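Input: a single structure, listed below in structure tokens.
Side-chain atoms are counted along with the backbone in the values below, which use heavy atoms only and exclude waters and symmetry mates. Fair warning: this is a prediction, and the values are worked out from it, not measured in the lab. By convention in this document, chain letters (A, B, ...) are assigned in the order of the sequence lines, proteins followed by strands, and residues within each chain are numbered from 1.
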2 protein chains.
Amino acid sequence: MRVLKYAILGLLDKGRLSGYDITSKFKEEIGHFWSAKHSQIYPELKKLTEEGFVEYQIVIQGTKLEKKVYSITELGKTELHEWMNQYSPIPETQKDEFMLKAYFVSSMSPEEAKQLFEDQLEKRKQTVVFLEERFQEFEGKEEPISFSSPDFGHYLVLSRALEREKSYISWLERMIKRIGG
Amino acid sequence: MRVLKYAILGLLDKGRLSGYDITSKFKEEIGHFWSAKHSQIYPELKKLTEEGFVEYQIVIQGTKLEKKVYSITELGKTELHEWMNQYSPIPETQKDEFMLKAYFVSSMSPEEAKQLFEDQLEKRKQTVVFLEERFQEFEGKEEPISFSSPDFGHYLVLSRALEREKSYISWLERMIKRIGG
DNA sequence: CAGGCCATGTAAGGCGTTACATGATTAC
DNA sequence: GTAATCATGTAACGCCTTACATGGCCTG
């Protein structure tokens with residue numbers, strides 16, 4: 001599948017980036033849905049260069065520090081576009097360790113179960129606070145953001161991340177009531 | 001982390017199972033949130049046996065076929081319980097290839113984007129149809145299912161899977177309107 | 001001048017999938 | 001008898017994380 005390959009191509013299609021920059025991007029909004037460590041990114045960039053999907057220029061930062069600034073090639077753009085237009089099946093499994101514990105809830109007392117669920121609720125609520133702050137950026141506008149905006153992708157991931165958490169919270173709250181405990 | 005270890009211990013805590021049975025379980029309801037292939041399960045069972053968390057008896061199926069039926073040991077129960085009561089942080093990244101594409105939507109025409117989103121919507125709707133069928137089992141009852149029911153874990157995963165899909169669908173529908181196309 | 005950040009790489013090991021390999025049982 | 005399912009294992013390979021390793025830059 002090599003999804004990281006396409007993640008990098010997609011990021012470079014938005015603009016020129018170093019390996020370090022790509023690492024940083026995965027700590028920002030897209031990190032809610034895909035990420036990788038620098039130890040995986042640098043070898044992948046090397047491979048993509050060999051394959052001709054990206055190329056780089058060395059830029060000197062300060063007086064000595066060498067930085068490789070990557071850009072996507074025409075070949076890379078074609079490759080990215082092909083992947084973007086290829087509809088893949090929804091994976092049957094979306095791993096969630098908390099839900100695995102939930103499935104085994106009968107091995108716990110109601111008190112323990114309640115605490116487990118309350119902890120998860122608390123953490124999800126904190127995430128929502130953080131996400132809602134970021135989301136402000138898009139809410140204040142007179143004109144709602146449109147497809148043609150360069151920030152539309154950013155809007156999509158933030159709004160989805162928010163909705164995902166809110167749905168989780170609403171479910172947790174209903175289930176906590178059922179547990180009693 | 002060794003989550004598969006705990007997944008297997010949790011399943012065996014509900015009852016005696018062969019490696020094949022465990023593989024089957026991961027194709028059923030818990031498979032929405034955790035799964036593994038038999039090629040990963042058999043070595044893990046071997047390791048868990050060596051560690052003393054599980055033990056097995058050989059059962060003859062038919063006249064020749066040897067089956068290893070595993071059960072959890074007291075040591076295994078302690079280990080499981082420890083994991084169940086250990087609250088872990090929510091992983092920052094919950095990988096979703098479709099959302100990665102969504103983030104790169106500006107590399108597409110509105111028509112292409114709309115088709116990508118419509119395809120995703122269609123697939124998620126099909127999942128909901130399937131999940132709702134399974135969920136019938138719990139809806140018809142006079143008494144709503146309670147924590148003490150042995151099926152409560154089953155109920156939790158099904159209701160969460162359903163809600164997760166419904167939330168995704170509602171978001172997709174709103175975003176499709178925004179795309180226009 | 002020190003601490004945090006920028007910047008790039010490699011190595012070891014665990015996790016996970018696909019493929020290879022084999023054979024028995026059951027239901028039609 | 002034959003196809004689907006039951007049943008268990010190993011091998012190869014790719015993905016991913018943690019740790020090892022190094023050094024420059026910038027701000028206070």
Per [X] side chain, nearest of listed nucleotides [options]:
X	options	result
A/L65	D/dG23, D/dT8, D/dT17	D/dG23
A/S39	C/dA11, C/dA7, D/dT10	C/dA11
B/W34	C/dG16, D/dC25, C/dG9	C/dG16
A/T63	D/dC25, C/dA7, C/dC15	D/dC25

Between [atom2] of [N] and [atom1] of [X], the distance in whole Å:
X	N	atom1	atom2	result
B/Y56	D/dA7	OH	P	16 Å
A/Y42	D/dG23	OH	C1'	13 Å
A/K27	C/dC6	NZ	C1'	10 Å
A/I41	C/dT10	CD1	C1'	15 Å
A/K64	D/dG23	NZ	P	11 Å
A/K37	C/dT8	NZ	P	18 Å
B/K47	C/dC15	NZ	C1'	11 Å
A/K68	C/dG9	NZ	C1'	9 Å

Discussion item. Does A/K123 have more than 12 heavy atoms from other residues, nucleotides or ligands lying within 6.0 Å of its NZ?
Written reply: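 Enclosed: over 12 neighbouring heavy atoms sit under 6.0 Å from NZ of A/K123.
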Practice prompt. Please indicate whether A/K177 has more than 12 foreign heavy atoms, meaning atoms of other residues, nucleotides or ligands, lying under 6.0 Å from its NZ.
Written response: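 For A/K177, atom NZ is not crowded (no more than 12 foreign heavy atoms under 6.0 Å).
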Worksheet entry | Parallel, tilted or perpendicular: rings of A/Y168 and A/W171 (30°, 60°) |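 Ring orientation of A/W171 relative to A/Y168: perpendicular.
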Worksheet item: Pick the nucleotide of DNA chain D nearest each of B/Y20 and A/I60; which residue has the one closer to the 5' end?
Response: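 This one resolves to B/Y20.
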Fill in: Nearest-nucleotide comparison on DNA chain D, the residue closer to the 5′ end among A/H38 and A/G62
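Comparing both residues, the 5'-ward one is A/H38.
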Worksheet entry | Donor + acceptor pair across side chains of A/Y155, B/R178 (<3.5 Å) |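 On atom types as modelled, these side chains qualify, holding a pair under 3.5 Å.
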Discussion item. Please determine whether a side-chain nitrogen or oxygen atom of B/K95 lies at a distance below 4.0 Å from atom OP1 or OP2 of D/dC16.
Written reply: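 Yes, such a contact exists.
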Worksheet item: Does a side-chain N or O from A/Q61 land closer than 4.0 Å to OP1 or OP2 of D/dG24, or not?
Response: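 No, because none of the side-chain N or O atoms of A/Q61 sits under 4.0 Å from OP1 or OP2 of D/dG24.
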Fill in: Test of ring centre spacing under 6.0 Å for A/Y6 and B/F104
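No, the ring of A/Y6 stays outside the 6.0 Å limit from the ring of B/F104, centre to centre.
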